[in-house]
2 protein chains.
Amino acid sequence: MPTQPPAAPRGLTRKGQATRERIVATAADLIFEKGVDHTTIDDVRTAANVSSSQLYHYFDDKPALVRAVVEHQADTIVGGQEQFDLSSLRGFRKWREFVVSYERSLNCRGGCPIGSLGGQLSETDQDARETLAVGFKRWEQTIRTGLRSMQELGRLRRQADPDKLALATLAALQGGLLLSQIERNTRPLEAALDAMIDLIESQSAKRA
Amino acid sequence: MPTQPPAAPRGLTRKGQATRERIVATAADLIFEKGVDHTTIDDVRTAANVSSSQLYHYFDDKPALVRAVVEHQADTIVGGQEQFDLSSLRGFRKWREFVVSYERSLNCRGGCPIGSLGGQLSETDQDARETLAVGFKRWEQTIRTGLRSMQELGRLRRQADPDKLALATLAALQGGLLLSQIERNTRPLEAALDAMIDLIESQSAKRA
DNA sequence: GGCAGACTGGATTACGCGTTCCAGTCTGCA
DNA sequence: TGCAGACTGGAACGCGTAATCCAGTCTGCC
């Protein structure tokens, strides 16, 4: 359940909605590349081919646009995450491969599309921070669901705590992405994910 | 080995050096609270009680000041880290307690003094990014040293990879801090650190 | 087919903030 | 005790950028 129906189309023409969408997507790309504060309204204006009055027709001000971007990124990332079946170690390994190669394809630039926003907005935009928190909760949820069915299927020991493992896995992912972004090398990301997979394996039921 | 001798005192009076130090420390605090881009030169000026010409006497421009802050934070954090003996599980648990209660005392504001800088600077200031990378390498090193001696002391299995574990632990810490900052709750941080400690324990030599 | 309101364009404004300038005072050293 | 250069103060400048304004055009609906 998203915070709202997919971006309240309160009296927006189909065309208007498309324009709005284009602005958000463009802004999301630019912000991912250059960060919130180094992406100017004018940058977005130019890249999305809209005039400033158009932009302010759809968004009250820059923070409002940024919040729309936050929701957009959360939807995109969590949506992509749901493609993976994390109810087995094999599934986790596949996911690990995907994440690492994705990061490598970006040359470790930008970090996590959501996580990097967290560092930039948490202390300056309370509203954005809460939206991010909701996004992460959803993300955590998808991992948790995988681990819980892993346990229900008897693949994970009963004593294991899938909820805590899910949260830790998300944290490891975020930290790995951050360090990889700083070092411009996927090694930290790999080490972090491998560690979590090792931990899950060590708590798997196979030996019981 | 830091990038430079502790901030080249090229022809600075003792008093001048103190002033410079005060500026950096003040800037570090403000940047930690509000982020790089929302901390203005004027904020620093006021809080540190210096005039703008003083500030520009010591630093070429804002990026130069920011870089000085990065080095300052890296020295502070890594220095503090070295107090802990991570050559035993007990040491790790003590460290875990310290980190969590520290974060709690800040009400989860600000995240990691170094890590949060990474997200803000990696894509905009190449130079700062590299300085951060060096800082993290030093930090990683202190954890690695602990794990290596843990292994040498026979507390960690020979098959374990202390270097990779150290990197993963640092990543888990960073991710935990980031998520805790966003959620304003220490749970993610605790889950991340506990997971790494569990992993290390599962690879300890006690059962061998 | 007309009109209300969604939508677009571009010029203009207002101001925050980094940076510079100049005119001084203090301080270590010969 | 003089003087070079480290150090300080505060006013002023100029640019980048968010935001506004007004003058339009398009579009769905009765």
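So that the names make sense, note that chain A is the first sequence line, chain B the second, and so on, each numbered from 1.
- Within the structure, no pair that satisfies the salt bridge (Lys or Arg N to Asp or Glu O under 4.0 Å) test touches residues 169-180 of chain A, not counting sequence neighbours.
- Atom CZ of B/Arg45 and atom P of C/dC17 are 13 Å apart (whole Å).
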Output side-chain donor-acceptor pairs under 3.5 Å for residues 45-55 of chain B, partner residues at least two apart or in another chain, one line each.
unit_1	atom_1	unit_2	atom_2	d
B/Arg45	NE	B/Asp42	OD1	3.1
B/Arg45	NH1	B/Val50	O	2.9
B/Thr46	OG1	B/Asp42	O	2.9
B/Ser51	OG	B/Ser53	OG	3.2
B/Ser51	OG	B/Gln54	N	3.4
B/Ser51	OG	B/Gln54	NE2	3.4

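- By the side-chain hydrogen bond (donor to acceptor under 3.5 Å, both in side chains) test, B/Asp163 pairs with B/Arg148, sequence neighbours left out.
- With sequence neighbours left out, the salt bridge (Lys or Arg N to Asp or Glu O under 4.0 Å) criterion links B/Asp61 to no other residue.
- When the C1' atom of C/dT20 is taken as reference, atom CG of B/Leu55 falls 13 Å away, rounded to whole Å.
- Scanning residues 31-43 of chain B for heavy-atom distances under 4.0 Å to DNA chain D yields an empty list.
- Contacts of B/His38 classified as side-chain contact (heavy atoms from CB on, under 4.5 Å), with partners at least two apart in sequence or in another chain: A/Asp37, A/Thr124, B/Lys34.
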Under 3.5 Å between N/O atoms: give me all the protein pairs with nucleotides 8-11 of chain C, atom names plus distance.
unit_1	atom_1	unit_2	atom_2	d
C/dT8	OP2	A/Gln54	OE1	3.4
C/dT8	OP2	A/Tyr58	OH	2.8
C/dG9	OP2	A/Gln54	NE2	2.2
C/dG9	N7	A/Ser51	OG	3.4
C/dG9	N7	A/Ser53	OG	2.2
C/dG9	O6	A/Ser53	OG	3.0
C/dG10	O6	A/Ser53	OG	3.2
C/dA11	N6	A/Ser52	OG	3.2

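- Checked against ring pair (Phe, Tyr, Trp, His ring centres under 6.0 Å), B/Phe98 has the following partners two or more places apart in sequence or in another chain: B/Phe84.
- Across the protein-nucleic acid pair, B/Tyr56 atom OH and C/dA23 atom P stand 21 Å apart, rounded to whole Å.
- Using a cutoff of 4.0 Å between basic side-chain nitrogens and carboxylate oxygens, A/Asp194 and A/Arg187 are not scored as salt-bridged.
- Contacts of A/Arg129 classified as salt bridge (Lys or Arg N to Asp or Glu O under 4.0 Å), with partners at least two apart in sequence or in another chain: none.
- Remark: P of D/dA18 and NZ of A/Lys62 are 5 Å apart, rounded to the nearest angstrom.
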